[in-house]
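Numbering of residues begins at 1 and proceeds along the displayed sequence. Quick caveat: nothing in here was measured; it's all calculated off a predicted structure.
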Amino acid sequence: MKIVIILFIIYLFTYIISQDIDFIPIAYESYNDSLVIKYKGIFGYYTNISFLWDGVSQHDMSFSCVLNNSIRTCTLPVKESDHEKMYSDNLVACVYEDDTFIRCGYPVHLFYFPSPFIISPFKPNTRGGNTTLSGYYLDLNWRRWIQFENKYKQDQYYNESHHYLLSGKQHTKNYDRINLIFEVFPGCGNRSIIWENRQRYNFTYQDPNIENIDINESLLEITGTNFYNQSVLVAVKIDNNIIDPNDIISVDFENIKLKFNYSDPFSSKFNVQVGCCDYWSNKFQITYPPILSNVNSIPKLKGGLLIINGNRLTSSPSSNNNISVTVGDSICSMISSSSNEIKCNLQPLSYSTLNNSSPITVSINGVENTLKLLLFYDIPHIKTYYQINDEIHIIGGCFGNINSTQIQINGKQVSNQIKSINNNETILILNVQNQIYNFNISIESNSIKSNDINVDVKMYTKINEIPSVGNKLINFTLFYVNSSNINTIPTIKILNQQSNQTIKSILTNVNEGVVSCSFLIENDCGIIKYEIEIGNQRYQSSFSYESPFINNCNLNSNEIVTCIGKAFGNSNETIIIISNQSLAFKNESNNNNDKSISFQMSEEYNILGELYLNVCGLSSNKVKINTIPIFKNVSIPNLFDTNGGYIIIIGKYLNNNTNITIECNNEVIEKECKLNNNSTSLECTIKLNGPNDKTCKLLFNNDNNNIVSKFNIIYKSPSINQTSIINLKQGGILTIIGNDFYYPIDKVLIIGGNDSGNDSDILNCNEPKYINNTMITCFIQATNNTFNNIKNGEMIFINVTTKGKSGISKVFKYLTQSDDVHQYSDARNIFQNLLLSILIILIISLFISNI
């Protein structure tokens, strides 16, 4: 084919030379509405063109040429109506050279003519075959084929470059000259059409498209369109990772088979893409969904634990584990998940739900099970059983209730054997049948029978009575002893002991297959783990000695606690716990035995807490210690004042309910007491008016014969802080500010000289009045009296006596010189300030009294 093309080009070149006209087009442009050819200015060019068919022109058109800078541009205008007429089996033109007419009828070869104008994308199917190429100027010079350029050398069609026009009725009037059908070779990816003038039209085969993927064990079968049948040009990506080409088993245009062995126990999803000649398909998701195999039944009206078994019931540890379980329209609350089991809790369904089954949907990171599993409600089922002594515990579900559920043993219905059924209907307890060693059991609930299970009853023992502490002879009864072992002497091994000693029964009796035996066991308290063996049968269990019990615990005046009860053991085996602290036990009495125990109380323990005993690992009940308060003394940190005061009662084992009474001068005094420092002191607030000191006594249980302490309450004497200033020559009302004033005020004296003074140094302030506990007033008559050795304006003493208590302070300033304006002004200012202070105090006092 290449040789044909080369010969054709040589022919054209020779023909052109023979015409003696030089045509050297330098560019071609094709448009919907025009064709453009550019020439060098000195060479020949076309001016008119005729489209011949069977030697007759069926359409003529004219170029418009313009010379610009030695480049001649010739444009052929094309109207919409021209498109259908622009076809030919030969093209001829009128030729000019350097603006000189040469001749018409000059043959026009497509080598020197613009390319077709493609009006819609050309995208052949990868299988090839009949493909429509749509455009204008296609059917020229009876174009029989188009040439493709293939860059994929591995392609088996690499050398097949000519794609032929299908034979049609080109000579008929109705022949479609715009949509030509070519027979295209198979291919993929990017290609080019090379037109006769060596211009290219780039196009791609259709992109691969995945429509479905079937998963068959370790094989993926991908079906779709526009795949390619040459494996060297096909690739497959799974989650953006290109798989090994050796895993591709076969390829075809609509089908690809490849190996993909997914063995992880996780539910997963993957995106698959097919690539052909580096062009990739859509992403198609495949899933390895959770597989549900079975689920237990639960009561519809109670709900319960669902256990779903299957495969791929969790996600990869590297991804989110977003798992949800839906039963019908109800959410099952997740509890746990693994690769083969999901546990979730389903709430009860309403009475209005009539369905007896619901589909289960498990979603793991958006991947749901495709094979649905139905949950059937209220179907009794037995999983397993275990034995505890004479009880058989049947484990399963939907066991109903004890009043309506029936059991069948060895195919026969039996009554009164069910001991209990738990609320979730998952455990049924029945008493073992009398000496039936092996039986088959099934359960009937909700008129539905469960599966059968075979029960083998093992030997078990019972201790005849709880042994008391110190009792060494322990009696056992052995049930379900095989007939081959019935006459064998039983032995016991105490598993608590390291000696591993085996003890034989000292007394054995057999009655209707039940063996009674007795053992001397040195352990005499606590929990004893043992193993009894008779012949080839063994049974391990434990029994407990009697637990300690406390009736009461009392504390006496010597701070010794005595507890009365039973099963106290001996001092080596007994631990005393008070407020969760272990007491270092010391035997304080020779009378300690298993019914009484005494010990010295220590201050480091909180006697107000609870006490209990631990004897060989067995704990007693908890009790409060009955205590008697111990009083030591009464402390009065501060003198009482007009508001009263507080006392501190020092002792031990005190509490807020300690029954104490305070009497002062034979009068019971009200008090408010609170406990301080655990139980060692009570702080009591007493509101008791003064100022007379009082003798008091502290009584316990309001008993005058039980005086625990005597003490005196002493009140503060009045204190004077400041006074108003008085001009003695004028006299007036004197205001005195201080603390702890009492009603009535006995007298107020102004004392010159020292505080003892003599009569000439003392001035009475008459008519003393009690305002409140911080203010009093009195009246000073005008006098010319002056104090000896006291300068005018100096401070002198003032003494206030109230109810026998006196207070004195050097705070009074007096004036005698009425013409001393400056000094009087200072005095007036001081007095004004004093009055302002008095007014503020009065307002505050009134406010407090109204609260």
Asker: Taking the side chain as C-beta and beyond, is there a heavy-atom pair between Ile776 and Val800 under 4.5 Å?
Answerer: yes

Asker: Specify the closest pair of heavy atoms between Tyr545 and Leu618, including all atoms of both residues, with the distance to one decimal.
Answerer: O-CD1, 3.3 Å

Asker: Can Lys419 and Glu391 be counted as an ion pair, charged N to O under 4.0 angstrom?
Answerer: yes

Asker: Of all residues at least two apart in sequence or in a different chain, which pass the salt bridge (charged side-chain N to carboxylate O under 4.0 Å, His left out) check with Lys302?
Answerer: Glu425

Asker: Can you give me the closest heavy-atom contact between Val615 and Ala567, atom names plus distance?
Answerer: CG2-O, 3.9 Å

Asker: Strictly below 4.0 Å, N to O, side chains only: are Glu670 and Lys687 in salt-bridge contact?
Answerer: no

Asker: Does Ile660 offer a backbone N or O that forms a donor-acceptor pair with the side chain of Lys671 under 3.5 Å?
Answerer: yes

Asker: Quick one: side chains of residues 633-642, donor-acceptor pairs under 3.5 Å with protein atoms, not counting sequence neighbours, listed by atom name and distance.
Answerer:
from, atom 1, to, atom 2, distance (Å)
Asp641, OD1, Asn643, N, 2.8
Asp641, OD1, Gly644, N, 3.4
Thr642, OG1, Asn773, ND2, 2.9

Asker: So, using ring-ring contact (aromatic ring centres under 6.0 Å, His included) as the criterion, who are the partners of Tyr612 when residues are at least two apart?
Answerer: none

Asker: Which heavy atom of Cys563 sits nearest to which heavy atom of Phe599, and what is that distance?
Answerer: SG-CE2, 4.4 Å

Asker: Less than 4.5 Å apart, side chain to side chain, heavy atoms only: is that true for Ile780 and Phe812?
Answerer: yes

Asker: Tyr743: what forms a ring-ring contact (aromatic ring centres under 6.0 Å, His included) with it, not counting sequence neighbours?
Answerer: Tyr770

Asker: For atom CG of Asn689, decide whether the heavy atoms of other residues, nucleotides or ligands shown that lie under 6.0 angstrom number more than 12.
Answerer: no

Asker: Specify the closest pair of heavy atoms between Leu613 and Pro548, including all atoms of both residues, with the distance to one decimal.
Answerer: O-CG, 4.2 Å

Asker: Under a 3.5 Å distance rule, please check whether Ser579 uses its side chain to pair with a backbone N or O of Gln581 as donor and acceptor.
Answerer: no

Asker: Provide the closest heavy-atom pair for Gly804 versus Asp746 in the form atom of the first, atom of the second, distance.
Answerer: N-OD2, 3.2 Å

Asker: Quick one: are Thr574 and Ile597 in side-chain contact, heavy atoms under 4.5 Å?
Answerer: yes

Asker: Please determine which of Ile429, Leu428, Thr426 meets the side chain to side chain contact (heavy atoms under 4.5 Å, CB included) test together with Ile421.
Answerer: Leu428

Asker: Pairs in or reaching into residues 795-804: which pass side chain to side chain donor-acceptor pair (under 3.5 Å), with residues at least two apart or in two chains?
Answerer: Asn799-Thr801, Thr801-Ser806

Asker: Does the ring center of Tyr530 lie less than 6.0 Å from the ring center of Phe476?
Answerer: yes

Asker: Can you measure from OG (Ser516) to CG (Leu507) and round to the nearest 0.5 angstrom?
Answerer: 8.5 Å

Asker: Under 4.5 Å between any side-chain heavy atoms of Ile564 and Ile550, yes or no?
Answerer: no

Asker: How about Ser681 and Asn676: does a side-chain donor come under 3.5 Å of a side-chain acceptor?
Answerer: no

Asker: Indicate yes or no: at least one non-hydrogen side-chain atom of Ser337 is less than 4.5 angstrom from one of Asn321.
Answerer: yes

Asker: Pick one: which of Asp390, Asn389, Asn475 meets side-chain hydrogen bond (donor to acceptor under 3.5 Å, both in side chains) with Lys462?
Answerer: Asp390

Asker: Looking at Ser505 and Ser518, would you say the former's side chain and the latter's main chain have a donor-acceptor pair under 3.5 Å?
Answerer: yes

Asker: Using the test salt bridge (charged side-chain N to carboxylate O under 4.0 Å, His left out), find all partners of Glu767 that sit at least two apart in sequence or belong to another chain.
Answerer: none

Asker: Taking the side chain as every heavy atom from C-beta outward, state whether Ile737 and Thr723 have any pair of such atoms under 4.5 Å apart.
Answerer: no

Asker: Where the side chain of Ser809 meets the backbone of Ile720, is there a donor-acceptor pair that is under 3.5 Å apart?
Answerer: yes

Asker: Verify whether one side chain among Asn554 and Thr562 offers a donor that lies under 3.5 Å from an acceptor in the other.
Answerer: no

Asker: Counting only heavy atoms not in Asn666 (residues, nucleotides, ligands), do more than 12 fall under 6.0 Å from its CG?
Answerer: no

Asker: Check this for me, if you would: do Asp693 and Lys805 make a salt bridge, where the nitrogen-to-carboxylate-oxygen distance has to be below 4.0 angstrom?
Answerer: yes

Asker: Would you say Met334 and Lys343 make side-chain contact, with heavy atoms under 4.5 Å?
Answerer: no

Asker: Mind checking whether Phe568 and Lys595 have side chains closer than 4.5 Å, heavy atoms only?
Answerer: no

Asker: Looking at every non-hydrogen atom in both residues, tell me the closest pair between Val708 and Phe700 and how far apart they are.
Answerer: CG1-CB, 3.9 Å

